[in-house]
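No hydrogens, no waters, no symmetry mates; every other heavy atom, side chains included, goes into these values. Reminder, nothing fancy here: chain letters follow the sequence lines and each chain counts from 1.
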Amino acid sequence: MADFEIPVLNEYTRTPDLKKGVMAHLKPFVAKEVLQQPLNFPGELVENWEEKAVAKLGELKGKYRSLQVFLDICVKCGACTDKCHYYLGTSDAKNMPVARQDLLRQVYRRYYTFAGKFWAKLGMPWMVGAKDMTKDVLDDWYSYYHQCSQCRRCSVYCPYGIDTAEISMAAREIMDSIGVGQKYCNEIIGKVYKIGNNLGLPEPALADTLEGLEEEVKADTGVDVKFPLDVKGADILLITPSADFFAEPHVDGLIGYAKVFHEAGVNWTMSSYASEAANFGMFIGSYENMRRISRRIRKAALDLGVKRIVFGECGHAWRVAYSFLNTLAGPWDFLDPRYPVPQHICEFTFDLMKQGKLEFDKSQNDHRVMTYHDSCNVARASRMGDKPGGQMTIPREIIKATCNNFHDMPKDTIGEATFCCGGGGGLLTDDLMEVRVKGAQPRMEALKNVVDNNGVTHMAAICAICKAQFTKVLPYYGFTMDQIVSVHQLVSDAIVLNRKTD
Amino acid sequence: MSALSVFYAILFYVATLILVIGVVRKITQYARTPAPLKIPTTPAPTTQTGVVLRMAREVVLFSSLFKSNKWTWIFGWLFHFSLLLAFFRHLRYALTPDCFIWPLIDLELVQAAGKYAGLGMAAGLVGLFGRRIFVDRVRYISSPSDYFMLILLLAIAASGLSMSFVSHPDIVNLKGFILSLITLGWNGWVNMPTDGLLITHLTLVILLMIIFPISKLLHAPGVFFSPTRNQVDNPREKRHISPWGKALDDAEADA
């Protein structure tokens, strides 16, 4: 099934003995010039790239306090060394968060600190962990900064909150700036600019797909649930990951949102121009590209004249939406001030539940015993509701309201300690399958725990990347691909339609 | 003043200048560098008061480290807390008897706590050193400078402890020397004691002061500037924008 060894699942998460260089061979495909150009990056490795990379690092540390502070203050205490799912799954030393950071920090020390410059003059930069910018260093960057899903688990455990995601984003931006981009991410961003979504699904195809969904739901339930597109004057603009339009189990989630909107009796629409919630600009650490993608949503909201924006199930998209959208595409003073901008579909559904506007027939989900996978960007980089931690409780409340059987996975694998699915951060590509499968090991172990002990049959998630990743990697560990479901798929299956409330 | 005292007086002044100017420069750099995006590690406090409490838990209790690894937490916290107690004990060598602080504290307690804190420091440092050597992951990430820092601190603790428990230097003489340095010789200069242990202890501390602003010891001021810990979780309620982020908006508005 695979040309690499699939990790064995233990009863509990175990920290492996360290191995050197066992994942150095794994590199994603490099973006060709035609894919670099739309993002304003050089098409191939530029001349004097060593100097330019060092200069770019200098520029970025002047623009990001996080980068400057994090490069300085790590004390190498080792608290993070056993926290990364990629280290746990691969045993590769450079997949320990601090070792991953050090790939950039060694260059920072060499060129931007007194200690590094001093010892380099004596020919011993290694005394203080400094290193010249060389091809070997660049190769390490390309390998190991593409084996980080920017999930922030390490930042939870660091006594100074050092977030490796910030470092890997900076490293990817430096690499892009000298012409070494990652094909997967940069190709996708280009598609958003050209067509409006990651999949490159043009408006007619999208309209056709949505029409098909209306027919499907009608055949299923006998109810006219609408999937509106580009409706001017609608109240709510739904921004959802384009995977929701056809991938399984994503699309079942989209059907769930539509049923909720239907029951709420609201006037909503999607946009063909901003037909994507995902924002891969974040993965490549590019503020400019992330901003450019975000502002498509602003334009769509203005053009359609909506009053609210709601986001569908997607992890990193929710981070960009919740944490960054106001910064990148705000202010949102033209929208209805009574609602947060943007809202998560789970917040929307949960509010209706609290108001008693939704009725569920839980028995419809009795064939499932559920657990819930906290997506990293939702858990550690965003919030839902008005209390810290709402991002963990609200999705669980929705699951418990729609299902009779629910069990959480072990405590040190959920909530803020959640393990990444293994495919986030721009790694959801076949050329990185080895690290995706190995990185999923800690989550698979936790899942196996509740499958064995509680009879769990399905795991729900609210992230398009998690869902796609699990569909792919579950079979490697002896599960089946359909064991991953959307949270709003559970809503969709349990919701009682056309319940007249007043 | 003796040649030795002049030499050490100059060293102390130079080291103090390097420490103060170095740390102020770094703090200024951290404070001036923009934080363009909201990146608190969530769940995070939604108010400024909450952030102060979160930071206090980190700095006083090392709460994140506690979550991570109990051994590193015990050794690290023991070392830092002992260092704080030892610092208080040293106040007596640098403050005049009429200083406002004396009525506020129990001198006996501070002296006793500070004395045994030296042992705590040493124990914590030995533990951290042991982890660096025996845990393969921590060994891998350690540079010579990381070992050196622990050895330096251990040597400071050991020389200090020796003076408490083995061979007492002329502490009244030392206090006279330090006060004459602090008052810039206003009441005349005083020679330092020529005690080998004391000179070793002072030399190592001077070295530590010089290294502080050019090393990972910057974690002390740096932690307060860590955006994942010091930001309020309110991006939807309040628009966060950096000067360079705003410049992008402005350029687009003009176009």
Salt bridge [X]-[Y], side-chain N to carboxylate O under 4.0 Å:
| X | Y | result |
| --- | --- | --- |
| A:Arg291 | B:Asp249 | yes |
| A:Asp72 | B:Lys216 | no |
| B:Glu252 | A:Arg298 | no |

Q) Among residues 411-418 of chain A, which ones touch chain B with a heavy-atom distance under 4.5 Å? A) A:Glu416
Less than 4.5 Å to any heavy atom of chain B: does that hold for the side chain of [X], its backbone, both, or neither?
| X | answer |
| --- | --- |
| A:Tyr287 | side chain |
| A:Ser382 | backbone |
| A:Lys83 | side chain |
| A:Cys74 | backbone |
| A:Met127 | both |
| A:Met290 | side chain |

Q) In chain order, what residues pass the side-chain hydrogen bond (donor to acceptor under 3.5 Å, both in side chains) check against A:Glu288, with sequence neighbours excluded? A) none
**Q.** With B:Arg139 via side-chain hydrogen bond (donor to acceptor under 3.5 Å, both in side chains) - residues at least two apart
**A.** none
Q: Report yes or no: do A:Asp102 and B:Tyr140 form a side-chain donor-acceptor pair below 3.5 Å?
A: no
Quiz: residues 113-123 of chain A side-chain donor-acceptor pairs under 3.5 angstrom, not counting sequence neighbours:
from     : atom 1 : to       : atom 2 : distance (Å)
A:Thr113 : OG1    : A:Arg109 : O      : 2.6
A:Thr113 : OG1    : A:Gly116 : N      : 3.1

